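Whatever order the structure lists ligands and atoms in, that order sets their numbers, starting from 1. Everything quoted here is computed from the prediction, not taken from an experiment.
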Amino acid sequence: MNRTENFRRKDISHFWHPYTDINSLERREFPVIEKAEGVYLIDTEGHRLLDGISSWWCVNLGHSHPDIVGAIRKQSGMLQSSITAGMSHTGVIKLSEKIAAIAPGNLSRVYYASDGACSVEAAMRISLQYWWNRGKPEKRKMISLSGGYHGDTLGCAGLGYIGRFHKSVEHVLNRSITAESPHCFHCRYHRKPEDCALECFTSMEKAITEHSRSTAAVIVEPVCQGAAGMRIYPPGYTARLRKLCDENDVLLILDEIAVGFGRTGKMFASELAGIVPDMMCIGKGLTGGSLPMSAVVTSEEIYDAFRSDSRMDRTFYHGHTFCGNPIAAAAACAAIDVYERDNVLGNVEMLSEMLSEAFSRYRSIPGVHGSTALGCMSALEISDESGGAGTALRITDTARRKGLFIRPLGSVLYLWPPLVTGKREMEKMLRIFEDALIKNLVQKQIQVHPL
Ligand SMILES: Cc1ncc(COP(=O)(O)O)c(C=O)c1O
């Protein structure tokens, strides 16, 4: 048994993988990654795999960025852990100042958590307690989008319910009120993004106006519903949502966990809509994907609603052991410096052009139902007639054998490369991606229906 097989055997003996079918995992020769650098994952055999999905959408600045590695190294020799309840440490103070400086508009107050789901939980609790502290406990419902995804804790699954993931726990979820998904791949109003009149917004309008007295907050993933299948939708939707929330005294939470930190071409997706939310959830790219850290960024107005007085204790009794962890804070400070210093958004502009050109071309490949691209996000859907999810999975296998790591979302295939991917590396990713599409969609058809 070679080294990799030995690792695989031990893996399937003890490790429980997330989002992984056990039987098919045990049959597959899955990669065992040992190290990574830049846009490459490197397995135990030394094979280099281009990381086409930024390792679950977080490694925005590439793997093992020297500045982030250096910051982690330095900080871990100084202070690894220090409670943040009732006291502070220098790392979290510096980071909070940096986040406040880059956050949109008046968002200047940072509450830390560890994973994305924990920051959504915190945002939910902040919004509920905000109204409770202000003497409106009846405002306790949440509104979200159908197909939205906000994490896998029971609270988050109630907000972003995806049947395929959450059906087995549906009976214990506190489900939000949902509005129609702005699903441009399958627009019910037969619009193209260029002539979109946001008819789908009517459903959100109805949800908010009917339930405003009992609703604490609306939460959406701005510009792109990621886990639903990379549903990129017009920023105008979020702009209208801001206005409607203001008119109805409902808070607006933007979940920027996946799209924040440059993914859309702007530092935060809310900038594309030209609005400022009441709360913004961030995670993933905050540390350049190096360590778990997330946060809710909000305004002083919301923070001030949590000041106790002699009549009422308004303290926010919510926290996690590792919130504001010094090593993660140092990694995040280093990452923010890199985003700013290295003109990462400039590189996204270059990648965006390449992805847009390629993905609009892929639309003409037989079996591709539609495609979409914005910033450093691009996706296409395999039609049902061409085998949908099964074919998408085969395409990812072909791509992996050629050196590109991607994962399908049902019948949707997407490329979310690190934001620092160079032109050559991007060309290589696109070449492998396109070859895999053609091999599985075009050449297969020719074999099945020989002329
Ligand atoms: C929009 C969005 N919100 C929340 C989450 C949950 O983040 P985490 O997996 O870090 O808990 C994700 C994860 O993919 C996400 O895409």
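- Note that CG of L79 and NZ of K74 are 13.0 Å apart. Values are rounded to the nearest 0.5 Å.
- Counting only heavy atoms of the protein, atom 10 (O) of ligand 1 lies nearest to G116 N, 2.8 Å.
- Checking each of L393, V412, L413 against I382 for a side chain to side chain contact (heavy atoms under 4.5 Å, CB included) leaves exactly one that passes, namely L413.
- With atom 4 (C) of ligand 1 as the reference point, the heavy atom nearest to it among H150, E121, K284, Q225 is part of H150.
- Scanning all protein heavy atoms for the shortest distance to atom 15 (C) of ligand 1 gives Y149 CD2, 3.8 Å.
- Side-chain contact, R263 with S54: a donor N or O sits under 3.5 Å from an acceptor N or O.
- Looking at W57 next to ligand 1, no N or O pair under 3.5 Å apart turns up.
- Looking at G151 next to ligand 1, no N or O pair under 3.5 Å apart turns up.
- Atoms of ligand 1 lying under 4.0 Å from at least one heavy atom of A117, given by number and element, are 6 (C), 7 (O), 8 (P), 11 (O).
- Checked against M429 for a side chain to side chain contact (heavy atoms under 4.5 Å, CB included), the options L404, L351, I406 give a single hit: L404.
- Taking CD1 of I432 as the reference point, atom CD1 of I395 lies at 14.5 Å (rounded to 0.5 Å).
- Between the side chain of N325 and the main chain of Q80, a donor-acceptor pair closer than 3.5 Å is present.
- Within a 4.0 Å radius of atom 8 (P) of ligand 1, the protein contributes one or more non-hydrogen atoms.
- For E97 and K94, the salt-bridge test fails: no basic side-chain N is under 4.0 Å from an acidic carboxylate O.
- Those atoms of ligand 1 that come under 4.0 Å of a heavy atom in E221, given as number and element, are 1 (C).
- Annotation for ligand 1: atoms under 4.0 Å from non-hydrogen atoms of A258 are 16 (O).
- When only interatomic distances are considered, the shortest N/O to N/O separation between D255 and ligand 1 falls below 3.5 Å.
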